[in-house]
Amino acid sequence: MAYSNRNFVYHLRLIKSYFAGQAGGDVVIKVGIVGGTGYTGVELLRLLAIHPQARVDVITSRSEAGMPVDEMYPNLRGHYPGLVFSEPDTARLAACDVVFFATPHGVAHALAAELLNAGTRVIDLSADFRIRDADEWACWYGQPHGAPELLPEAVYGLPEVARDKIRDARLIAVPGCYPTAVQLGLIPLLEAGWVEPQGIIADCKSGVSGAGRGAKVGSLFCEAGESMKAYSVGNHRHHPEITQGLSDAAGQSVGLTFVPHLTPMIRGIHATLYVRLNGNSLKRNDVELQQLYEARYKGEPCVDVMSWQSCPETRSVRGANVCRIALHRPQGSDLLVILSVIDNLVKGASGQAVQNMNIMFGLEESAGLAFPGLMP
Ligand SMILES: NC(=O)C1=CN([C@@H]2O[C@H](COP(=O)(O)OP(=O)(O)OC[C@H]3O[C@@H](n4cnc5c(N)ncnc54)[C@H](OP(=O)(O)O)[C@@H]3O)[C@@H](O)[C@H]2O)C=CC1
Ligand SMILES: CC(=O)N[C@@H](CCC(=O)OP(=O)(O)O)C(=O)O
């Protein structure tokens, strides 16, 4: 196949960013964000405000075009002088090194190819490229897949699994919030083959910001502020995404019951995961189980394996790009309970997106992300 001009531009940018990263540093990554007024969009702005090597050049909103960013979000006052929301404009976005899509499903389908062709890398926070099979995506998302030709090159951006692929990727599908908490909680056991791959139960609780900023009756304070409810029992759209990741880890298809709940907190995901040890692994003691997790996540900057039988709190990861995990084995039974917590807007979305950007551009993986959670 002929080496096109587009490929040349892309590889030139890649080489420049790689060497700038190796040089330790003074590279400035030009960032565009599509969907800057939503919760994941403003979280990207908060994180990138203190990022040492990124500069937000373009931020879009159709409804707030013309509005200064720090007028809409006063927490950003002083951080983005002169930055104004603008209508999505592909030419301006294509002048960026990387564009984040913090938009509803379907938007990245429509715009990603043009940006990639211009040599801009794309990090999509929506589910547009998370499921490998276009027909399965269409089935769960209720619309035809808008860019099936891009699926083969899309990399599922869970750094703890796909770091090497992320490094060279042009198009990243940032994992969903529930899928991040569930996969990180279960991957060590599934990779090791120590648990029954059928009969996995993921009982998950989410804060209300998971539903986005758009006005919805279910997100009103009077509806969600002092109440808790399960929803989409057995048919949530994250089911195929979680199953895909867990099956990859297990090397065979897994059986999963996934029950999400809406809880009266603003941020946070708490996943309580139930699995049964299989045949030979029944003999494993608590120390071996704990060591499995500690070894699997050794050196991972964004995963914290807590001590045996700890109870991680969502507030301990509030605002932080961390997944905290703890293991329990009730009364020495064959049942293991794994607790996994993240902030849905950080490790579950925007923080993980920035982590991917850091890897793609050869920066320190936790650049701009190494701060603790907010307690109380
Ligand atoms: N909230 C969360 O915890 C998580 C969210 N995600 C995913 O991230 C994405 C964004 O979520 P979230 O920030 O919560 O969503 P919001 O509803 O809060 O914000 C959506 C943003 O997209 C813009 N937008 C909407 N439609 C279009 C369009 N057709 N073209 C261009 N821009 C558009 C909106 O601005 P405007 O209409 O003014 O253009 C707004 O800025 C979603 O796909 C979501 O599923 C992933 C993980 C966690
Ligand atoms: C509380 C709540 O409503 N959560 C959302 C999931 C978060 C989200 O935006 O989904 P993606 O990760 O697929 O982008 C939901 O259940 O639909």
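Just the heavy atoms: all of them, side chains too, but no hydrogens, waters or symmetry mates, feed the values below. Just so you know, ligand 1 is whichever comes first in the structure, and atom 1 is the first atom listed for that ligand.
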Query raised in the report: Got more than 12 heavy atoms from elsewhere within 6.0 Å of CG, N280?
Result: no
**Report entry** R237 N/O to ligand 2 N/O under 3.5 Å
**Finding:** yes
Report summary line: Heavy-atom closest pair (P240 atom, E136 atom, distance to 0.1 Å) is CB-OE2, 3.5 Å
Query raised in the report: Got a second to check how far I201's CD1 is from L273's CG, nearest 0.5 Å?
Result: 10.0 Å
Query - Rounded distance [0.5 Å steps], CG in L44 versus CZ in F101 - result: 12.5 Å
Query - Nearest-0.5 Å distance, OG of residue S209 to CG of residue D343 - result: 7.0 Å
Query raised in the report: When only distance counts, is Y178 in polar contact with ligand 2, meaning an N/O pair under 3.5 Å?
Result: no
Query - Polar proximity ligand 2 side, G210 side, N/O cut 3.5 Å exclusive - result: yes
Query raised in the report: Using heavy atoms and a threshold below 4.0 Å, how should the contact between A102 and ligand 1 be classified: side chain, backbone, both, or neither?
Result: backbone
Query raised in the report: Got Y39 and V208 here, is their nearest side-chain heavy-atom distance under 4.5 Å?
Result: no
Query - Other residues, nucleotides, ligands: >12 heavy atoms within 6.0 Å of Q198 CD - result: yes
Report task. Mark up the atoms of ligand 2 that fall under 4.0 Å of a heavy atom belonging to C177, in ascending order. Result -> 6 (C), 7 (C), 12 (O)
Query raised in the report: Can you list the ligand 2 atoms lying under 4.0 Å from a non-hydrogen atom of G176?
Result: 12 (O)
Show me the donor-acceptor pairs, under 3.5 Å and distance only, between side chains in residues 361-376 and residues at least two apart or in other chains.
{"from": "E365", "atom 1": "OE1", "to": "R163", "atom 2": "NE", "distance (Å)": "2.7"}
{"from": "E365", "atom 1": "OE1", "to": "R163", "atom 2": "NH2", "distance (Å)": "3.4"}
{"from": "E365", "atom 1": "OE2", "to": "R163", "atom 2": "NH2", "distance (Å)": "2.9"}
{"from": "E365", "atom 1": "OE2", "to": "Q355", "atom 2": "NE2", "distance (Å)": "2.8"}

Report summary line: Checking heavy atoms under 4.0 Å, the part of V107 that sits near ligand 1 is side chain
Query - ILVMFWY cluster, I266 and L47 together (side-chain gap under 4.5 Å) - result: no
Report task. Determine whether the side chain, the backbone, both or neither of S209 has a heavy atom under 4.0 Å from any heavy atom of ligand 1. Result -> backbone
Query raised in the report: Do any nitrogen or oxygen atoms of Y141 come within less than 3.5 Å of a nitrogen or oxygen of ligand 2?
Result: no
Query - Any G207 heavy atom less than 4.0 Å from ligand 2 - result: yes
Query raised in the report: Any N or O of C177 that comes nearer than 3.5 Å to an N or O of ligand 1?
Result: no
**Report entry** L262: numbered ligand 2 atoms lying under 4.0 Å from its heavy atoms
**Finding:** 1 (C)
Query raised in the report: Which pair of heavy atoms, one from L186 and one from Y293, lies closest together, and at what distance?
Result: CA-OH, 4.0 Å
Query raised in the report: Which atoms from ligand 1 have a heavy atom of S61 less than 4.0 Å away?
Result: 36 (P), 38 (O), 39 (O)
Output side-chain donor-acceptor pairs under 3.5 Å for residues 137-145, partner residues at least two apart or in another chain, one line each.
{"from": "W137", "atom 1": "NE1", "to": "A127", "atom 2": "O", "distance (Å)": "2.9"}
{"from": "H145", "atom 1": "ND1", "to": "A147", "atom 2": "N", "distance (Å)": "3.1"}
{"from": "H145", "atom 1": "NE2", "to": "H109", "atom 2": "NE2", "distance (Å)": "3.2"}
{"from": "H145", "atom 1": "NE2", "to": "D128", "atom 2": "O", "distance (Å)": "2.9"}

Requested in this report: Tell me which protein heavy atom sits closest to atom 35 (O) of ligand 1, plus the residue, atom name and distance to 0.1 Å.
Outcome: T37 OG1, 3.2 Å
Report task. Looking only at protein heavy atoms, identify the closest one to atom 37 (O) of ligand 1 and say how far it is in Å. Result -> R62 NH2, 2.7 Å
Query raised in the report: Any N or O on Y231 sitting closer than 3.5 Å to an N or O of ligand 2?
Result: yes
Query raised in the report: Measuring to protein heavy atoms, does anything land under 4.0 Å from atom 44 (C) of ligand 1?
Result: no
Report task. Please say whether R213 places an N or O atom under 3.5 Å from an N or O atom belonging to ligand 1. Result -> yes
Query raised in the report: Can you tell which part of R130 has a heavy atom less than 4.0 Å from ligand 2: side chain, backbone, both or neither?
Result: side chain
Query raised in the report: So, does G348 sit close enough to ligand 1 that a heavy atom of it is under 4.0 Å from the ligand?
Result: yes
Report task. Let me know which of D286, L292, N285 forms a side chain to side chain contact (heavy atoms under 4.5 Å, CB included) with E288. Result -> N285
Query raised in the report: For atom 15 (C) of ligand 2, what is the nearest protein heavy atom, given as residue, atom name and distance?
Result: H236 NE2, 3.4 Å
Query raised in the report: Taking non-hydrogen atoms only, is S206 closer than 4.0 angstrom to ligand 2 via side chain, backbone, both or neither?
Result: side chain
**Report entry** Distance-only N or O hit between ligand 1 and E64, under 3.5 Å
**Finding:** no
**Report entry** Heavy-atom gap E241 to ligand 2 smaller than 4.0 Å
**Finding:** no
Report task. Around atom 19 (O) of ligand 1, find the nearest protein heavy atom and jot down its residue, atom name and distance. Result -> G38 CA, 3.2 Å
Report summary line: For atom 11 (P) of ligand 2, the closest protein heavy atom turns out to be H238 NE2, 3.1 Å
